[in-house]
Number of protein chains: 2
Amino acid sequence: MMHDEVVSRLRHVLTEGEIPPGARIPERELCASFAISRTPLREALKVLAAEGLVVLLPNRGSRAAKLTRKDVKELFEVCEALEAAAGELACPRISDAQLREIAELQAGMVEHYRAQDLLSYYRCNRLIHEAIVRAADNAVLAGFYESIAARIRRARFITPMSPEHWALAIQEHEGILNALQRRDAGGLAHILRNHLRRKREEVVRAGFAEGE
Amino acid sequence: MMHDEVVSRLRHVLTEGEIPPGARIPERELCASFAISRTPLREALKVLAAEGLVVLLPNRGSRAAKLTRKDVKELFEVCEALEAAAGELACPRISDAQLREIAELQAGMVEHYRAQDLLSYYRCNRLIHEAIVRAADNAVLAGFYESIAARIRRARFITPMSPEHWALAIQEHEGILNALQRRDAGGLAHILRNHLRRKREEVVRAGFAEGE
DNA sequence: CGGATCATTTTTGCATTCAAAATGGTTCCA
DNA sequence: TGGAACCATTTTGAATGCAAAAATGATCCG
């Protein structure tokens with residue numbers, strides 16, 4: 001198995017998967033489940049530690065990182081800046097096909113909203129934001145965004161939404177699509193910023209924190 | 001020696017130091033010079049590869065990354081967004097002591113400009129930008145900024161400046177300090193963005209690229 | 001003489017090993 | 001009985017060993 005594959009599999013285990021924040025990372029077990037030795041696994045652990053997904057305790061192993069309130073605040077602040085930048089860059093660069101893709105995702109998302117299917121809604125939502133970042137056509141930005149998104153995902157896409165916020169979010173997304181179609185970079189950046197800021201407030205209000 | 005220390009020593013060797021972009025990274029030699037074995041060195045290499053400073057060629061070792069024109073463009077785009085965000089966040093958060101520090105750096109920078117001492121000028125310049133990021137009090141942002149800055153440093157702080165650009169940069173820095181003092185977040189973000197954009201144009205015009 | 005081919009050496013990536021540190025459990029004594 | 005001290009076990013971090021791949025360079029043939 002290739003190095004990058006180990007990293008992304010481990011990332012998956014930590015973000016989507018079986019190891020909850022704060023839990024000890026069972027080196028031995030993961031080696032067995034990935035069918036590799038400790039050396040490449042430990043290399044991957046160091047990479048994810050640099051990303052902030054893993055904390056290494058000297059001589060005491062590694063644990064899945066827990067998000068503190070401050071982490072959430074910082075991650076949202078940077079996420080705001082990155083998504084706004086992505087929006088601005090995407091406007092002049094996005095292709096018609098990409099626009100169509102986002103419009104379709106948006107339609108699907110509205111459907112899921114109508115059906116009050118939060119999980120599917122969040123999936124569409126996430127895909128839209130990722131599509132905008134992709135449309136910005138900037139690998140560095142995409143890499144940072146992916147790294148932030150991986151850390152913040154639980155806070156961002158799991159926190160339940162109030163009906164009012166949900167309705168507002170839908171409205172904002174209409175605005176996002178509209179600004180993209182009009183290639184209104186400044187407007188899009190502004191909407192994205194507000195969109196994220198509101199989400200952050202909701203998350204903070206929900207008191208999200210995995211530990212200090 | 002601790003893991004993080006190996007990473008930062010290696011980063012130093014790659015950015016400030018002896019290994020030019022594109023050059024092969026002599027694993028064996030570095031092990032000897034750091035007095036460690038290959039295992040911890042290779043862990044550090046993977047971390048820096050994830051950061052983009054090192055490219056790993058499967059079965060063919062690692063090399064110091066070269067900046068392509070596209071890399072430079074992308075790095076500047078993200079750097080713009082991050083510095084602007086840092087400025088906005090710094091305005092309400094910066095302490096008087098930090099403001100004084102920046103004012104002093106600025107004064108020193110102007111001195112170096114008068115003396116036409118480009119190297120010292122760049123050093124002050126860099127310290128100012130780093131101080132602003134520090135004043136934003138956001139560890140995630142600071143980490144990303146450091147990572148970007150490490151990669152872009154050669155392009156940003158080595159490209160020679162035209163007399164006109166240099167004079168303009170000094171003026172812009174006055175504006176930066178002024179906006180900080182007035183806590184004008186929006187204004188500061190705007191100036192920082194233009195400042196970086198101009199620098200980027202200069203770098204692009206100088207045709208900076210270490211290879212494709 | 002130039003270029004292809006194959007043996008030799010070096011390098012790479014990973015598994016294993018080893019010493020040091022932490023953990024857990026048992027014993028011993030107040 | 002409670003708790004400190006001690007020892008066995010496990011886990012960690014790093015060095016070493018090993019097989020496979022790549023680089024080197026010596027030889028051979030046109």
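Residue numbering restarts at 1 for every chain, and letters A, B, ... go by the order of the sequence lines. No experiment lies behind these values; they were computed from the predicted model shown.
Within the nucleic acid shown, A:Leu57 comes within 4.0 Å of sugar-phosphate atoms alone, with no base atom in reach, counting heavy atoms only. Residue A:Met1 is classed as a sugar-phosphate contact, given heavy-atom separations below 4.0 Å to backbone atoms only.
B:Glu51 and B:Arg11 are joined by a salt bridge, as a carboxylate oxygen and a charged side-chain nitrogen come within less than 4.0 angstrom of each other.
A:Asp4 has its CG atom 12 Å from the P atom of C:dG13, to the nearest Å.
For the pair A:Arg60 and C:dA21, the criterion of a side-chain N or O lying under 4.0 Å from OP1 or OP2 is not met. Close to D:dA14, at under 4.0 Å from its OP1 or OP2, lies no side-chain N or O of B:Thr39.
Judged by the 6.0 Å and 45° rule, A:Arg69 forms no cation-pi pair with A:Phe208. Cation-pi geometry between B:Arg197 and B:Phe76 is not satisfied (NZ or CZ under 6.0 Å from the ring centre, within 45° of the ring normal).
Distance from the side chain of B:Ser37 is smallest for D:dA15 among the nucleotides D:dT12, D:dA15, C:dT16.
Comparing A:Pro40 and A:Arg24, the nucleotide of DNA chain C nearest to each residue sits closer to the 5' end for A:Pro40. Comparing B:Ile25 and A:Pro58 by the nucleotide of DNA chain C that holds the closest heavy atom to each, the one mapping nearer the 5' end is B:Ile25.
At a cut-off of 3.5 angstrom, counting only N and O atoms as typed in the model, there is a donor on one side and an acceptor on the other between the side-chain of A:Arg38 and the base of D:dG13.
Between A:Leu45 and A:Ser62, the closest heavy-atom pair is CD1-OG, 3.7 Å.
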